[in-house]
Chemist: 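What follows is a structure written as structure tokens; I'll ask about it next.
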Amino acid sequence: MKDTIPVGIDALAFSGPAAYVDLADLATARGVDPAKFTKGLGQHRMAIASPCEDTVTMAVEAGARAIEAFGIDPAEIGTLIVGTETGVDHSKPVAVYVHDLLGLNERCRTFETKHACYGAMAGLTSSMDWIASGRARGRKALVIASDIANYGLGTPGEPTQGAGAVAMVVSEQPRLLEIQPASIGDYTRQVMDFWRPLYSKYALADGQYSIQCYLDALASAREDAVGARPDLLGGLQACLYHVPFVKMAFKAHQRELEMELGQAISKDEAEPWQRLQDSYARRCAPWLTLNAEIGNIYTGSLFLSLIDLLRKAGGQLAGERISLFSYGSGCGATYCLATIAAQAGEWQGRIDPAAELEARRRLSIEEYENMVRAGEQADRQQNLAPADFGLSGGLYYTGTRDDRRHYERI
Ligand code: CAA
């Protein structure tokens, strides 16, 4: 496929839980200096899903918003892919619930992708291939990233939790982002940095090792994408990364600059350190606000950063080149280059989730811990009442009756 055929993201939307925990509150409760979470990790709040909000409900809300805000006819969707590591069934895909609840056409290919935080990028590139092959016949793909990051109370991973879904419509002539297929580089290696056994609702992580695996994957996927380019960053207006916590984006950007300079960068050397600070301040930091407010949403977190960029600067950066890096533990990664679409500025107001975030409820640590414990039992509850968790209108999971999950719009 030639680089000139525009395929990419035509519509975007976020949806997440109605409640959050402030990380200063969490630090106090855990006897930790709040600066470790806010400065050391770069996180301020984390979204907390109640037992009535799951991967399906968040995916449906995000999908409905993307379709509605961008005036897309649901009958045009010929592929639906949901990327998640927080499936609700060992066999039945989240995607088929979402297909039903969104009222999509039955003549649609529908499946779920799982590879930790990489599932949505796998779905995005697969749907681009589907379009480029001619099989789409002018139709569009809906790719939804939906996850709930759960490490468990009092664990090192606890401050890096979060929850949310990002929906993307992928098409020819995209209105938001054109992705250059020839610039896509991939990487896979079997590592035990983060995983979740079938018996556990909580992820297990070898935290410091996972950071090294992420950085090694970035270096290899970037080389596969663009080779040993010492001058790539200079031509990019933004570098977006998978964001398990905001500081990780800084570490990632440092690794990229080190690759270009051919030397390690440390605080002790003023010139390269300042160069790193300047590059990060311009190409990364402005697009990490939503990640700092919502937390790790696993496979959607890269695309949350993209929403942040487009809502703030879609028009200003129209026609400019950016990079995207997706990392999924275990591990798999993709690095690619993309161009902000010429008309992105016209749509930037439609994708801003600020009002939803403003309306969220701040949980006390006691409420949060009770919510987590209730969540452990949610799959065995028959009649969950959304109001018990402070929820009013919306689509909710209301329990499993006769071994079947039930969803109701309240
Ligand atoms: N003030 C300011 N900064 C402080 C501080 C203070 N009082 N105390 C500590 N810090 C800094 C530390 O120096 C450190 O910063 P640097 O990395 O820049 O040195 C930072 O705060 C974190 O401190 P620690 O490294 O000591 O933190 P930790 O070991 O307790 O936990 C973690 C950090 C490993 C990320 C842990 O939260 C974790 O396991 N998270 C889950 C795994 C994860 O997110 N991995 C990321 C890569 S894998 C991936 O990306 C896939 C995915 O989504 C999971």
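Predicted model, so just to flag it, every value in this text is computed and none were measured. Position 1 is the first residue of the sequence; numbering continues from there. Atoms within each ligand, like the ligands themselves, are counted from 1 in listed order.
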Chemist: Could you check whether any side-chain N or O of S133 sits under 3.5 Å from a backbone N or O of W130, counting only pairs where one atom can act as donor and the other as acceptor?
Modeler: yes

Chemist: Examine P159 against ligand 1 and note whether any of their N/O atoms are separated by less than 3.5 Å.
Modeler: no

Chemist: Which residue is it: R362, R30, R45? I am looking for the one with a salt bridge (charged side-chain N to carboxylate O under 4.0 Å, His left out) to D25.
Modeler: R362

Chemist: Do ligand 1 and K39 have nitrogen or oxygen atoms that lie under 3.5 Å from each other?
Modeler: no

Chemist: Report, in ascending order of atom number, the atoms of ligand 1 lying under 4.0 Å from any heavy atom of F245.
Modeler: 35 (C), 44 (O), 46 (C)

Chemist: List the closest protein heavy-atom neighbour of atom 38 (C) of ligand 1: residue, atom name, distance to the nearest 0.1 Å.
Modeler: G157 CA, 3.8 Å

Chemist: Would you confirm whether any non-hydrogen atom of the protein falls under 4.0 Å from atom 13 (O) of ligand 1?
Modeler: no

Chemist: Any heavy-atom pair between the side chains of L304 and F14 that's under 4.5 Å?
Modeler: yes

Chemist: As a test of understanding, state which of L23, I294, T38 forms a side chain to side chain contact (heavy atoms under 4.5 Å, CB included) with H44.
Modeler: T38

Chemist: In ligand 1, which numbered atoms sit nearer than 4.0 Å to a non-hydrogen atom of C117?
Modeler: 51 (C), 52 (C), 53 (O)

Chemist: What do we get for S210 next to ligand 1 when only non-hydrogen atoms under 4.0 Å count, side chain, backbone, both or neither?
Modeler: both

Chemist: Under the salt bridge (charged side-chain N to carboxylate O under 4.0 Å, His left out) criterion, do E376 and K201 qualify, and how do the steps go?
Modeler: CA-CA 7 Å; E376 287 172 0; K201 274 198 173 284; over 6 Å; no

Chemist: Does the side-chain contact (heavy atoms from CB on, under 4.5 Å) test come out yes or no for V7 and E178, once each step is laid out?
Modeler: CA-CA 6 Å; V7 180; E178 293 172 16; over 6 Å; no

Chemist: Counting only nitrogen or oxygen atoms and a 3.5 angstrom limit, does K251 reach ligand 1?
Modeler: yes

Chemist: Tell me which part of K247 gets within contact of ligand 1: side chain, backbone, both or neither, using heavy atoms under 4.0 Å.
Modeler: side chain

Chemist: Give me the residue, atom name and distance of the protein heavy atom closest to atom 54 (C) of ligand 1.
Modeler: Y151 OH, 3.2 Å

Chemist: What is the nearest protein non-hydrogen atom to atom 29 (O) of ligand 1, stated with its residue, atom name and distance?
Modeler: Q208 NE2, 2.9 Å

Chemist: Are the aromatic rings of Y335 and Y241 close, with centres under 6.0 Å apart?
Modeler: no

Chemist: Quick one: look up the protein heavy atom nearest atom 30 (O) of ligand 1 and list residue, atom name and how far away it is.
Modeler: K36 NZ, 2.8 Å

Chemist: Should F250 and Y280 be marked as a ring pair (Phe, Tyr, Trp, His ring centres under 6.0 Å) after you check the CA-CA gap, both sets of side-chain angles, and the distance that decides it?
Modeler: CA-CA 7 Å; F250 180 80; Y280 177 77; 5.0 Å; yes

Chemist: Counting from 1, what ligand 1 atoms have a heavy atom of F194 closer than 4.0 Å?
Modeler: 54 (C)

Chemist: Just grab all the side chain to side chain donor-acceptor pair (under 3.5 Å) pairs involving residues 112-124, residues at least two apart or on different chains.
Modeler: Y118-T334

Chemist: Could you find the nearest protein heavy atom to atom 2 (C) of ligand 1 and give me its residue, atom name and distance?
Modeler: A35 O, 3.5 Å

Chemist: Answer yes or no: is there an ion pair linking D308 with K312, defined by an N-O contact shorter than 4.0 Å?
Modeler: yes

Chemist: Less than 4.0 Å between atom 32 (C) of ligand 1 and some protein heavy atom, yes or no?
Modeler: no

Chemist: Among all protein heavy atoms, pick out the one at the shortest distance from atom 39 (O) of ligand 1; state its residue, atom name and that distance to 0.1 Å.
Modeler: G207 CA, 3.4 Å

Chemist: With S301, which residues qualify under side-chain hydrogen bond (donor to acceptor under 3.5 Å, both in side chains), at least two apart?
Modeler: H242

Chemist: Just checking Y214 against F325, ring centres under 6.0 Å apart?
Modeler: yes

Chemist: Could you check which of T38, L41, T299 puts a non-hydrogen atom nearest to atom 22 (C) of ligand 1?
Modeler: L41

Chemist: Which residue and atom name correspond to the protein heavy atom nearest atom 36 (C) of ligand 1, and how close is it?
Modeler: P156 O, 3.4 Å

Chemist: Ignoring hydrogens, tell whether any protein atom lies closer than 4.0 Å to atom 20 (C) of ligand 1; use the non-hydrogen atoms only.
Modeler: yes

Chemist: Report yes or no: do Q161 and Y368 form a side-chain donor-acceptor pair below 3.5 Å?
Modeler: yes

Chemist: N/O to N/O below 3.5 Å, does that happen between H242 and ligand 1?
Modeler: yes

Chemist: Looking at ligand 1, does any of its N/O atoms fall within less than 3.5 Å of an N/O of Y327?
Modeler: no

Chemist: Tell me, which protein residue and heavy-atom name are nearest atom 51 (C) of ligand 1, and how many Å apart are they?
Modeler: S329 OG, 3.3 Å

